[in-house]
Amino acid sequence: MKTFAVVALVTVAFGLSLPSALAAFQEGVRLKANNEVIDVEIGHLVPCVTDWNSDGKKDLIVGQFSGGKIRLYLNSGSDAEPAFKDFEYLKAGGAEISLPAG
Amino acid sequence: MDWNNDGKKDLIAGDTGGNVTLFLNIGTKEKPELAKGKPVEADGKPITQGSHKLAENYAWLHMGDWTGDGLKDLFVGHGSILAFYKNIGNESSPRFAAPTQLPAPEGGFPTRPSAYVVDWDSDGKKDLLMGGDQPQVRFYRNIGTNTEPRLAKAEVLELKGPGADAGYRWRQDVADWNNDGKTDLLVGNAYSRTTGATRGTGGNIWLFLGK
């Protein structure tokens with residue numbers, strides 16, 4: 001019994017000291033566009049990073065509650081240092097997308 | 001998101017009515033042009049509040065292969081549950097079965113869940129990240145296999161920033177934002193304004209760069 005207890009303790013200690021493969025993060029920052037923090041009045045923002053126009057730079061698509069609209073921020077910086085200016089609302093079938101929001 | 005594997009980016013979007021809408025790209029890779037939205041169906045019926053046993057209002061969407069068959073499945077976070085729609089179609093033409101619920105570990109899933117499939121601990125098996133009502137992103141480690149995932153109890157990711165915990169309803173996306181080879185996380189939120197006349201409104205996008 002005594003031997004078993006020692007083995008169990010060693011296992012636990014080893015388990016705790018295993019290096020974690022989990023990502024750790026720096027302090028967060030708010031994304032900006034036109035040098036101002038992106039702040040949508042009725043937010044519920046849902047970000048999606050994608051190279052929308054296949055120019056080799058990641059862009060940002062953001063769903064918002066206001067009007068059930070979807071913003072497209074094209075990257076005016078580089079792929080490694082994204083920067084954003086104005087956004088446009090995505091269109092479908094020729095009209096701005098406006099999904100039920102309420 | 002490329003719905004039909006034609007090499008062009010399409011868009012799927014959820015809304016407060018619990019609808020899931022597909023916008024196919026009928027333009028080009030360089031100049032996407034979206035067709036009018038079409039409702040996404042499961043078991044032959046458009047997904048909307050009440051359409052299926054598990055279909056509720058709200059729809060936070062994610063597509064990812066959860067069953068290891070190479071097909072993108074559909075996760076829909078409704079008001080109180082996470083509905084899982086298995087892709088029973090093929091790569092160029094997704095088709096979804098009636099929704100089921102993923103077995104939740106001890107502690108369950110958050111309300112208003114938004115799931116994200118990713119191998120978060122780099123052990124070769126896909127895991128789930130999940131945002132929800134609260135200002136946090138949870139990590140559910142897959143302690144099963146890639147074809148039969150089983151989720152461990154959630155660990156809350158350590159994500160800090162000045163005022164970040166003020167906003168609620170965190171919705172995450174995973175990317176290598178600055179191309180440094182480390183995983184970064186973006187989080188959208190709501191209710192981020194805590195002072196002034198517009199207190200209780202607002203929404204930001206937080207960037208958490210990997211260390």
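First the proteins, then the strands, lettered A, B, ... as listed; each starts at 1. Below, each value reflects all heavy atoms present in this structure, side chains not excepted, and no hydrogens, waters or symmetry copies.
- With a threshold of 4.5 angstrom between heavy atoms, Thr28(B) does not approach chain A through any atom at all.
- Inspection of non-hydrogen atoms places Tyr191(B), Ser192(B), Arg193(B), Thr198(B) of residues 191-199 of chain B under 4.5 Å from chain A.
- Relative orientation of the Trp177(B) and Phe84(A) rings is tilted, given thresholds of 30° and 60° on the angle between their planes.
- Within the 4.5 angstrom heavy-atom criterion, atoms from both the backbone and the side chain of Leu186(B) approach chain A.
- Judged by distance alone, the side chain of Lys9(B) and the main-chain N or O of Asp51(A) form a donor-acceptor pair under 3.5 Å.
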side-chain contact (heavy atoms from CB on, under 4.5 Å) between Thr21(B) and Leu99(A), worked out: CA-CA 9 Å; Thr21(B) 307; Leu99(A) 296 164; 4.0 Å; yes
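- Considering all non-hydrogen atoms of both residues, Phe139(B) and Leu22(A) come closest at CE2-CD2, 3.7 Å.
- Looking at Asn189(B), only its backbone comes within 4.5 Å of chain A, counting heavy atoms on both sides.
- Heavy atoms of Glu158(B) lying under 4.5 Å from chain A belong exclusively to its backbone.
- For Ala175(B), the part lying near chain A is the side chain, with the backbone staying farther off; criterion is any non-hydrogen pair under 4.5 Å.
- Contact tally against chain B (heavy-atom pairs below 4.5 Å) for Gly102(A), Gly63(A), Gly68(A), Ser78(A): the top residue is Gly102(A).
- Using a 4.5 Å cut-off between heavy atoms, Asp123(B) does not touch chain A at all.
- Looking at Asp119(B), neither its backbone nor its side chain comes within 4.5 Å of chain A, counting heavy atoms on both sides.
- Of all the heavy atoms in Trp120(B) and Ala23(A), the pair that sits closest is CZ2-CB, 4.2 Å.
- A pairwise comparison of heavy atoms in Pro100(A) and Asn19(B) identifies CG-ND2, 3.9 Å as the closest pair.
- Looking only at heavy-atom pairs under 4.5 Å with chain B, the residue among Leu60(A), Ile61(A), Asp55(A), Thr50(A) that has the most is Thr50(A).
- Within the 3.5 Å criterion, the main-chain N or O of Lys31(B) finds no donor-acceptor partner in the side chain of Asn53(A).
- The main-chain N or O of Ile42(A) is never found under 3.5 Å from a side-chain atom of Thr201(B) such that the two would form a donor-acceptor pair.
- Using a 4.5 Å cut-off between heavy atoms, Leu11(B) touches chain A through its side chain atoms alone.
- Only the side chain of Glu155(B) comes within less than 4.5 Å of a heavy atom in chain A; its backbone stays farther off.
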